[in-house]
Amino acid sequence: MSSWKKAAKTNQKTHRERHQPAARQHLGLLEKKKDYQLRAKDQHDKDDTIKLLRKRALNRNPDEFYHHMINSKVVEGEHHEKQKDDEHTTEQLQLMQTQDIKYVIAKRTIESNKIKRLQSELHMIDIANTVPNRHTFFVDTPEEARNFDVAKRLDTHPMLLDRKTNRTKLSDLEKLKLPNLSEKEMKRLKNLRENSYNELKKRIEREKELTVVVQKMEMKRALQEKRSQKPKRVAAGTKDTAPIYLFKYERKR
């Protein structure tokens, strides 16, 4: 390019578009060329999108299945996503967001040790007494059935008939040297036993919940690792179970 053309290009006057005349200010801003270009481009993009959607609708297979069919529903002509069950409880979210996995594992170990200690103290034999007893006795005559005494037949005390375990015979009771406990003391011991069972139940539920949190955190950490192939989800996670993924085997160097 010659020096004369360069000078002509640099000295070229910049033509500015006029503003809206005063008599037409009530019509709003005067559209400039750059405004028209943006509006035209937006309109062309919308027309192309509508044309593409119309083409897809014409070529659509009416028997084709896609998951959004069962994950949404139409209410008064509008599509709404179906509400899914929460994957985490409030306590699980608090632990996963605020605590480290080592802390959760340590808390689970503590709960597990306390459960073992309580189970060693409680023999869990009182659960059998909650099951209805269906023991059947056979007699020869109706008169014998009317005068039948279950306690006498089992050779035990009438207060022990509801028990399926530790139903001691009368001959063995006479040999035992039992302390004379008042009714108040017996009630206190019963309350202590019930409290121990309730504590064991709560700790088992707590240990189960911590186990689920650990599994979810381990799965989340495994999904963040770089892999050549994305793992396939087999089952979604729930409040009681962690999600299940199928990982492709990769040989480690």
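Looking only at atom types and distance, the side chain of T109 has no donor-acceptor partner in the side chain of S112 under 3.5 Å away. Side-chain atoms of Q43 and D47 form a donor-acceptor pair, as typed in the model, at a separation below 3.5 Å.
The minimum heavy-atom distance linking M217 with D100 is given by the pair CE-C, 3.9 Å. Nearest heavy-atom pair across A242 and V212 is N-CG1, 4.4 Å. Taking each heavy atom of Y36 and E31 in turn, the nearest pair found is CA-OE2, 3.7 Å. When all heavy atoms are compared, the tightest approach of P243 to M219 is O-CE, 3.6 Å.
For NZ of K32, the number of neighbouring non-hydrogen atoms (other residues, nucleotides, ligands) closer than 6.0 Å is greater than 12. Enclosure of atom CG in L29 is not indicated, since only 12 or fewer non-hydrogen atoms of other residues, nucleotides or ligands lie within 6.0 angstrom. Counting non-hydrogen atoms of other residues, nucleotides and ligands closer than 6.0 Å to CD of Q37 gives a total above 12.
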Exercise for the section: Could you please spell out the steps behind the salt bridge (charged side-chain N to carboxylate O under 4.0 Å, His left out) verdict for K220 and E218? Expected result: CA-CA 5 Å; K220 183 178 179 180; E218 289 178 347; over 6 Å; no
Problem - Intermediate values then yes/no, side chain to side chain contact (heavy atoms under 4.5 Å, CB included), R188 and L192 - result: CA-CA 6 Å; R188 186 184 69 84; L192 288 176; 3.3 Å; yes
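In this structure a side-chain-to-backbone donor-acceptor pair under 3.5 Å is missing from Q229 to K248. Remark: side-chain polar atoms of T241 are not paired, donor with acceptor, to backbone N or O of G237 under 3.5 angstrom. A donor-acceptor pair is defined here as one N or O able to donate and one able to accept, closer than 3.5 Å; no such pair exists between the side chain of D42 and the backbone of L38.
In this structure, CG on N198 lies 10.5 Å from CG on N191, to the nearest 0.5 angstrom. Taken from CZ in R203 to CD in E111, the straight-line distance is 5.0 Å, to the nearest 0.5 Å. Taken to the nearest 0.5 Å, the CG atom of L200 stands 10.0 Å off from the CZ atom of R117. The distance from the CZ atom of R108 to the CD atom of E207 is 6.5 Å, given to the nearest 0.5 Å. Interatomic distance, NE2 of H80 versus NZ of K73, reported as 8.5 Å (0.5 Å rounding). Atom CD1 of residue I115 and atom CD of residue E205 lie 10.0 Å apart, to the nearest 0.5 angstrom.
In this structure, I244 shares a hydrophobic cluster with V234, L246, the cluster being traced through Ile, Leu, Val, Met, Phe, Trp and Tyr side chains under 4.5 angstrom apart.
The shortest distance between side-chain heavy atoms of I105 and I101 falls below 4.5 Å. Between Y245 and K232 there is no side-chain heavy-atom pair separated by less than 4.5 Å. L30 has its side chain out of reach of R24: every pair of non-hydrogen atoms, C-beta onward, lies at least 4.5 Å apart.
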